[in-house]
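Please read all numbers here as calculations on a predicted model, not as lab measurements.
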Amino acid sequence: MNFNIAIFLVTLPLVWCQQPRTGQSAQNLCRNNPKQALFPHEDYCDYYYECDSTTGDAILQACPNGLAFAGSKRGLVTNCDYPHRVGCPDGTRVIGQQPQSTENCHWQYGVFPHATSCTRYWHCWNGTSTIQQCPFSLLYNDALHACDWPDNVPDCQKHPICKDVPNGPVPIEKSCVRYWLCVGGYPRLQRCPAGLAVNPTTLRCELATTVPGCEPPPTTPQPEEEEEQPAQGGGGNGGGNQNGQARPAPYGALPQPFRPSQSGVRQVG
């Protein structure tokens with residue numbers, strides 16, 4: 001029994017848990033490319049080589065936990081970015097560090113799904129988690145590490161708006177031009193083009209003049225222009241012509257102020 005424990009203790013340090021060593025190939029990279037200061041590691045995405053400008057030696061550097069090497073002066077922190085944005089793993093290289101987990105964060109840096117919510121997710125920065133909310137009608141897609149259309153996130157519960165119509169339009173009460181379009185059980189907000197309104201019977205955008213309650217308000221006709229009265233008194237040619245008649249106004253009477261009519265039964269917008 002003690003012999004087996006001794007074997008386990010001896011073999012445990014052989015499991016990969018320390019940073020890799022700098023090989024001769026890395027040294028050659030720095031010496032053969034003096035103008036390039038950084039090189040990716042040949043096996044691990046989260047390590048890279050930095051060339052010493054004085055000695056020309058390759059110095060092994062590690063990205064912050066959860067990030068991968070992105071290039072010189074690129075990425076979020078010290079030349080490193082999220083692995084999914086760098087393209088790691090890529091079939092050849094993998095992440096070499098072990099995760100350093102904190103509350104809600106599997107790694108010190110990264111974007112992680114919420115345990116119970118499809119619309120929220122965690123953004124972790126140096127081990128500190130911050131709750132994030134997807135915009136309206138979107139759900140968090142852990143495969144993309146971003147918010148996505150709900151029909152691309154099959155593991156989440158269907159939306160109650162689309163419980164009766166999983167695919168198709170659903171009208172919005174008291175709205176003439178907006179409606180829901182359900183795709184795979186998830187709603188997307190849509191809007192009819194100008195001059196059209198949602199027909200609640202056909203569930204199509206039709207001419208607003210043909211949809212009851214959504215007709216455009218009638219325009220108020222302007223009153224007829226009154227004739228300009230001749231000027232009273234005054235001498236010379238200021239108030240009339242040579243025959244004593246009043247001159248017409250140069251641009252006619254000013255238009256009456258606009259008075260909007262009452263709105264329809266349903267709101268437009």
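Ring to ring, F69 and Y48 are close: their centroids are under 6.0 angstrom apart.
For the pair Y109 and N126, the minimum side-chain heavy-atom distance is below 4.5 Å. Counting heavy atoms from C-beta outward, C45 and P83 have side chains that stay 4.5 Å or more apart. Contact of the W125 side chain with the L76 side chain is registered, since non-hydrogen atoms from C-beta on lie closer than 4.5 Å. Taking 4.5 Å as the limit, some side-chain heavy atom of P171 sits within range of a side-chain heavy atom of L203.
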Q: Start with the C-alpha gap between C192 and C176, add the side-chain angles, then the distance that decides, and say whether disulfide (SG to SG under 2.5 Å) holds.
A: CA-CA 8 Å; C192 289; C176 285; over 6 Å; no
Q) When you look at D57 and T55, which way does the side chain to side chain donor-acceptor pair (under 3.5 Å) test go after all the steps? A) CA-CA 5 Å; D57 294 334; T55 63; 3.3 Å; yes
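Pairing each heavy atom of A62 with each of Y47, the nearest pair is CB-CE2, 3.5 Å. For D142 against P113, the heavy-atom pair with the smallest separation is OD1-CD, 3.4 Å. The two atoms that bring V77 and P64 nearest to each other are CG1-CG, 3.8 Å, heavy atoms only. Minimum heavy-atom separation, N199 to E206: ND2-OE1, 2.9 Å. The two residues V165 and C182 make their nearest non-hydrogen contact at O-CB, 3.2 Å. P187 and C162 make their closest contact through N-SG, 3.6 Å (heavy atoms, listed as atom of the first residue, atom of the second, distance).
Note: W122 and H114 have parallel aromatic rings, judged against thresholds of 30 and 60 degrees for the angle between ring planes.
The main-chain N or O of R120 is never found under 3.5 Å from a side-chain atom of Q133 such that the two would form a donor-acceptor pair.
Follow the hydrophobic side-chain contacts under 4.5 Å out from Y82 and you reach Y121 in the same cluster.
A side-chain donor-acceptor contact under 3.5 Å links E42 and Y49. Looking only at atom types and distance, the side chain of N32 has no donor-acceptor partner in the side chain of N28 under 3.5 Å away. When only modelled atom types and interatomic distance are considered, E103 and S129 share no side-chain donor-acceptor pair under 3.5 Å.
Within the cation-pi definition used here (under 6.0 Å to the ring centroid, within 45° of the axis), R188 qualifies as a partner of W149.
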